[in-house]
S.K.: 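The following block contains the structure, expressed as structure tokens.
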Amino acid sequence: MARQAQTAERVETARPAAAPLSSSGALSTSYEVQIFRDKRWRIDSMFDDKSLALYEARRMNDSGRYACVRVVEEYFDEVSGQTKLGTIYRGGRIEHARQTDLDDAIKRRNIKQQQSGAEFAAAADASAKHKQIAESRPELVLGIAGGIVLLVGAVAGALLFK
Amino acid sequence: MLGAPETTTERPVGLERRLVFRLLSHWRTLIVEGEGDFPSFADVDPSAMPDVWPFCFVLDTATDCADDPIVRIAQPSAAGLAGNVIGKPVSELPDATLIAQACSYAQEVLRKRVPISRGGDFIRRDGMRVLYRSILLPMSDDGENIAGLLGAANFREVKEP
């Protein structure tokens, strides 16, 4: 307690927070932890620190008490006067289910691609064999024709000299 | 405003280290299902959060002071600081002090009706740089109208070369 009082007494002067402020005094960047409840997104809490907002969102997500949790980054552009929003984290059971579906879809696609690849390889192999056979046919024909010619010649010669 | 003994005290595994998250978690547990979005000051039990309570203060926004909440320090042991600010409106808090920093966004909490946590740093009179983190939580007696804000803040010193 004595230490607390001592430290409290030493807190005398302060300077503005390190986080950037807009002219209105509002933070130019803030992070909203939002939960999905009653069919709409509601702000649960707000932070000026990204890591704290993400930490809290993950903590809430891991608790299993919330169907869906997300963190929205809100950036106020003082030059344009516009507010830019971006979701930097999605959690919750719905998102988990969505991610599972996405993973399954990726797995199915990969398997399909692998199957397609195997089929393509088999088709290419068969095509190559057909091509090889087709290319080897003229030699076979010529060989057979040559054999026939020789046979006919031999028979004819035998008949002439008989 | 007090130092941060939780940084030096050994805690059970799994217990949140940061003051603002401990208070935020406690605040959530006080919300009664079906009775509005905010807990009541009547539900706050200091003995249920002995490690957090010494860092807490209350902003009274009831009745005619909603536009400029009056600070009430909830913890009498914080007399070193509280003696100068109890009963004062936020706008009259000593400039560039931790309590002023911690209360500076009270209007935003009242407007957005959600807990907000902010941090920053300041230079003490002795030249020591101090980092702080604070949180303000809306409270209500009827679950709907905000009757005040429960706040907490702590800090740690940063030795600079």
Side-chain angles (χ1 to χ4, degrees), chain A residues 1-22 24-35 37-38 40-66 69-72 74 76 83, chain B residues 1-5 8 16 18 20-21 24-25 27-28 37 54-55 75 77-82 94-102 104-105 107-109 111-137 153-157:
Chain A
M1 200 62 73
R3 180 182 174 274
Q4 292 173 347
Q6 189 181 10
T7 52
E9 286 174 4
R10 283 186 291 177
V11 181
E12 296 294 341
T13 59
R15 71 186 187 197
L21 299 173
S22 68
S24 63
L27 283 169
S28 53
T29 304
S30 63
Y31 301 89
E32 295 178 355
V33 177
Q34 299 184 353
I35 56 173
R37 197 170 68 192
D38 300 332
R40 69 184 181 95
W41 286 101
R42 301 161 62 101
I43 301 173
D44 173 84
S45 49
M46 294 178 66
F47 297 84
D48 61 347
D49 185 281
K50 184 178 181 178
S51 61
L52 289 182
L54 290 172
Y55 177 85
E56 177 63 0
R58 290 189 179 110
R59 204 168 67 118
M60 293 169 68
N61 185 49
D62 293 344
S63 75
R65 291 178 57 194
Y66 305 93
V69 182
R70 71 180 182 185
V71 176
V72 175
E74 186 177 322
F76 178 70
T83 301
Chain B
M1 294 303 96
L2 309 174
T8 57
E16 173 53 46
R18 298 182 183 88
V20 296
F21 287 135
L24 182 57
S25 295
W27 179 84
R28 286 200 182 106
D37 295 330
F55 304 92
Q75 178 63 13
S77 65
L81 179 69
D95 198 20
T97 60
L98 179 59
I99 187 68
Q101 294 289 318
S104 63
Y105 51 97
Q107 287 299 335
E108 191 175 350
V109 178
R111 194 171 62 250
K112 297 199 171 180
R113 298 166 65 86
V114 294
I116 298 179
S117 172
R118 286 194 185 158
D121 64 348
F122 59 92
I123 305 296
R124 231 166 31 197
R125 184 176 289 175
D126 62 1
M128 179 68 77
R129 182 169 172 247
V130 174
L131 298 178
Y132 76 94
R133 167 70 40 193
S134 62
I135 188 167
L136 292 176
L137 306 146
N154 63 351
F155 67 86
R156 66 181 174 88
E157 299 170 349

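Letters go in sequence order (proteins before strands), and every chain restarts at 1. These values consider heavy atoms only, across backbone and side chains, with no hydrogens, waters or symmetry-generated copies.
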S.K.: Between A:Arg42 and B:Val114, is there a side-chain heavy-atom distance shorter than 4.5 Å?
M.R.: no

S.K.: If we only count heavy atoms from C-beta on, is the A:Leu52 to B:Arg118 side-chain gap below 4.5 Å?
M.R.: no

S.K.: State, with a plain yes or no, whether a side-chain heavy atom of A:Glu56 is found less than 4.5 Å away from one of B:Pro115.
M.R.: no

S.K.: Quick one, B:Ser25 and A:Arg59 - any side-chain contact, counting heavy atoms below 4.5 Å?
M.R.: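 B:Ser25 reaches A:Arg59 side chain to side chain.
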
S.K.: So, using salt bridge (Lys or Arg N to Asp or Glu O under 4.0 Å) as the criterion, who are the partners of A:Lys50 when residues are at least two apart?
M.R.: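 A:Lys50 satisfies salt bridge (Lys or Arg N to Asp or Glu O under 4.0 Å) with no residue once adjacent residues are dropped.
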
S.K.: Need one label for B:Leu24: side chain, backbone, both or neither, based on atoms under 4.5 Å from any heavy atom in chain A.
M.R.: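 The side chain, not the backbone.
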
S.K.: Quick check on the interface: out of A:Asp49, A:Val33, A:Asp44, who has the most heavy-atom pairs with chain B under 4.5 Å?
M.R.: A:Asp44

S.K.: Would you compute the distance between atom OG of A:Ser63 and atom CZ of B:Arg28 and round it to the nearest 0.5 angstrom?
M.R.: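 The CZ atom of B:Arg28 is 8.5 Å from OG of A:Ser63, to the nearest 0.5 Å.
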
S.K.: Distance from A:Met46 atom CE to B:Ile135 atom CD1, nearest 0.5 Å?
M.R.: 12.0 Å

S.K.: My understanding is that only residues two or more places apart in sequence, or in another chain, count here; which of them pass side chain to side chain contact (heavy atoms under 4.5 Å, CB included) with A:Asp62?
M.R.: none

S.K.: Could you give the distance from OG (A:Ser45) to CH2 (B:Trp27), rounded to the nearest 0.5 Å?
M.R.: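 One gets 8.5 Å once the value is rounded to the nearest 0.5 Å.
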
S.K.: If I measure from the heavy atoms of chain A, does B:Arg133 come under 4.5 Å with its side chain, its backbone, both, or neither?
M.R.: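 Side chain only.
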
